[in-house]
Amino acid sequence: MPRIDKYVLGLMLTLFGFFALVLVSVYWINRAVSLFDDLLNDGQTALVVLEFTALTLPLVISVVLPVAAFAATAYGTNRLAGESELVAMQAAGLSPWRLARPVLVFGLTVGLMVAVLVHGLVPMARARLADRSSEIAENVTAQFLRLGSFQYPADDVTLFIRDIASDGRLLDLFIEDARDPARQVIYTAQEALVVRTETGPVLVLLEGMAQTMTIRPTGPDLAVTRFQEFSYDIGGMFAGSSSKGRDLRDYGTLRLLNPDADLLEATGESPAAARREAHERIAQPLLSPIAAMLGFATLLIGGFSRFGVWRQVGWAILGLILIQFLSNAAVNQVGRNLALWPLLYLPAVVGTLLCMALLWLAARPRGPRGATA
């Protein structure tokens, strides 16, 4: 690679590292705050919170890298123009097409990073995150059985535990089950145990009493039953998390392109939906070189101005917004009609044509204003 290409590429990579670090930090912290609140409120430890936030990091990076590439090329090109290095390169006979070569290499490098993330690290992290979420959802003691406070594990269900013994026994337990307005039950027990079954967790109440109030036309009827041992199924309270199928985004791209029966049964999706997810992943890294080239090609248009290149920067941002808008519109359209999956590649095609048009305008000879043939 010629020295000038190495210089431009090194500058872009240096700026890219800075912008990527800043943007990933801001975006990740923004997402992690809500995750901190949810996990800490559920009684999870700091290690669990750290694990969950680390598993969300690959997804955050994959989203931020194209934006960081755009910011690096736009800032780097502005810096080259401000220090007259770009003018010197053009005076040496380098055309905009030739100057774009290191920028294209830079964009393809970022696209390769995004491809590694979306095809490898992100599905692995999402699958691990789903497994850990399922484990935590089944861990009733950690999620809902917190001592000394009233808990509401489901609508119209109230739970209170005075204390939890060192061996896991729940002491002095109170449950009010008002899910059936015509039949409300209050359970009290001196002790209780959490037993895991195939259908979910079950509370085994020991030495307790059940007070059942049934609403009849003649008036309320109260029945009191004392028991030595009683099983209370609480698996239904967690049906929303336990019965939810796996997400297509938890699986690898090759498996999505050729979905098997196990994948379709686990996700409850159709083969067309699986292939749509795979094509969406394939199209995502293509936007990285386009974002990089937009930040470079747009700033080459226009002459010298004492006010800088802010107008060109504004046009570059508008171009990036246009490409992102097309990407979102394509995803929404394909989501409504899976047969239109080729639309997922339309933003990459439009972005490529836009970058080529900008480079063509920058390379077109421009005479002085008002000059005549």
Side-chain angles (χ1 to χ4, degrees), residues 16 19-20 23-24 26-28 30-31 56-74 100 103-104 106-123 125-126 247-254 256-257 269-270 272-299 312-359:
F16 170 75
F19 284 111
L23 293 176
V24 167
V26 173
Y27 195 86
W28 179 66
N30 208 14
R31 288 175 60 93
T56 62
L57 197 55
L59 177 60
V60 172
I61 296 176
S62 66
V63 173
V64 166
L65 287 189
V67 181
F70 171 81
T73 53
V103 179
L104 180 60
F106 164 69
L108 292 175
T109 303
V110 178
L112 181 61
M113 297 179 188
V114 176
V116 172
L117 287 168
V118 299
H119 294 298
L121 296 181
V122 172
R126 288 187 60 90
D247 198 299
L248 286 173
R249 293 172 290 182
D250 299 345
Y251 295 90
T253 305
L254 293 179
L256 291 174
L257 288 173
E269 299 286 353
S270 63
R275 285 189 282 269
R276 185 265 305 166
E277 173 65 25
H279 287 292
E280 185 176 343
R281 291 185 192 176
I282 296 173
Q284 185 176 349
L286 301 178
L287 299 180
S288 297
I290 292 173
M293 291 299 298
L294 272 177
F296 172 77
T298 309
L299 267 66
Q312 288 89 336
V313 171
W315 284 112
I317 295 175
L318 288 177
L320 184 63
I321 293 175
L322 173 63
I323 299 301
Q324 188 60 47
F325 173 79
L326 289 176
S327 179
N328 295 337
V331 170
N332 294 334
Q333 190 66 29
V334 175
R336 290 190 290 266
N337 187 355
L338 299 177
L340 299 178
W341 62 264
L343 287 178
L344 295 172
Y345 299 96
L346 180 62
V349 175
V350 173
T352 300
L353 295 177
L354 179 60
C355 292
M356 294 178 64
L358 291 173
L359 289 175

Report task. Hey, could you give me the OG1/CG distance between Thr352 and Leu287, rounded to the nearest 0.5 Å? Result -> 9.0 Å

Query raised in the report: Got Pro285 and Leu112 here, is their nearest side-chain heavy-atom distance under 4.5 Å?
Result: no

Requested in this report: Could you name each residue pair satisfying salt bridge (charged side-chain N to carboxylate O under 4.0 Å, His left out) that touches residues 284-298, not counting sequence neighbours?
Outcome: none

Query raised in the report: Looking at residues at least two apart in the chain, or sitting in another chain, which of them share a side chain to side chain contact (heavy atoms under 4.5 Å, CB included) with Trp315?
Result: Thr298, Arg311, Leu318

Query raised in the report: If you take all heavy atoms of Leu299 and Gly295, which pair is closest and at what distance?
Result: CD1-O, 3.5 Å

Report summary line: Closest non-hydrogen contact found for Leu248 with Ala273 is CD1-O, 3.7 Å

Query raised in the report: Measuring from Ile282:CD1 to Leu257:CG, what's the distance to the nearest 0.5 Å?
Result: 5.0 Å

Requested in this report: Grab the two heavy atoms, one from Ala291 and one from Pro66, that are nearest each other, plus how far apart they are.
Outcome: CB-O, 3.6 Å

Query raised in the report: Measuring from Ile61:CD1 to Leu23:CG, what's the distance to the nearest 0.5 Å?
Result: 12.0 Å

Report summary line: Residues pairing under salt bridge (charged side-chain N to carboxylate O under 4.0 Å, His left out) where one sits in residues 325-335, two or more places apart or in two chains, turn out to be none

**Report entry** Qualifying residues under side chain to side chain contact (heavy atoms under 4.5 Å, CB included), relative to Thr109, sequence neighbours excluded
**Finding:** Val105, Met113

Report task. Measure the spacing between CG of Leu286 and CD1 of Ile323 and express it to the nearest 0.5 Å. Result -> 12.0 Å

Query raised in the report: Quick one: side chain to side chain donor-acceptor pair (under 3.5 Å) partners of Arg249, sequence neighbours excluded?
Result: Asp247

Report summary line: Sorted by chain and residue number, the side chain to side chain donor-acceptor pair (under 3.5 Å) partners of Glu269 (sequence neighbours excluded) come out as none

Query raised in the report: Looking at residues at least two apart in the chain, or sitting in another chain, which of them share a side chain to side chain contact (heavy atoms under 4.5 Å, CB included) with Leu343?
Result: Ala330, Gln333, Val334, Leu340, Leu346

Report summary line: Closest non-hydrogen contact found for Ala272 with Leu338 is CB-CD1, 3.7 Å

**Report entry** side-chain contact (heavy atoms from CB on, under 4.5 Å) evaluation trace for Ile290 with Val350
**Finding:** CA-CA 10 Å; Ile290 292 173; Val350 173; over 6 Å; no

Report task. Could you pull out the closest heavy-atom pair between Ala297 and Leu359, with the gap in Å? Result -> CB-CD2, 3.8 Å

**Report entry** Counterpart residues, side chain to side chain donor-acceptor pair (under 3.5 Å), relative to Thr253 (two or more places apart)
**Finding:** His119, Arg281

Report summary line: By side chain to side chain donor-acceptor pair (under 3.5 Å), Tyr345 pairs with (sequence neighbours left out) His279

Requested in this report: Run the numbers on Thr73 and Met293 for side-chain contact (heavy atoms from CB on, under 4.5 Å), then give the verdict.
Outcome: CA-CA 8 Å; Thr73 53; Met293 291 299 298; over 6 Å; no

Query raised in the report: If you round to the nearest 0.5 Å, how far is CD1 of Ile321 from CG of Asn328?
Result: 11.5 Å

Query raised in the report: Looking at residues at least two apart in the chain, or sitting in another chain, which of them share a ring-ring contact (aromatic ring centres under 6.0 Å, His included) with Phe16?
Result: Phe106

Query raised in the report: Can you name the nearest heavy-atom pair linking Ala20 to Val64, along with the distance?
Result: O-CG1, 4.4 Å

Report summary line: Those residues at least two apart in sequence (or on a different chain) that pass side chain to side chain contact (heavy atoms under 4.5 Å, CB included) with Ala357 are none

Report task. Measure the CD-CD1 distance between Gln312 and Ile317 for me, rounded to the nearest 0.5 Å. Result -> 12.0 Å

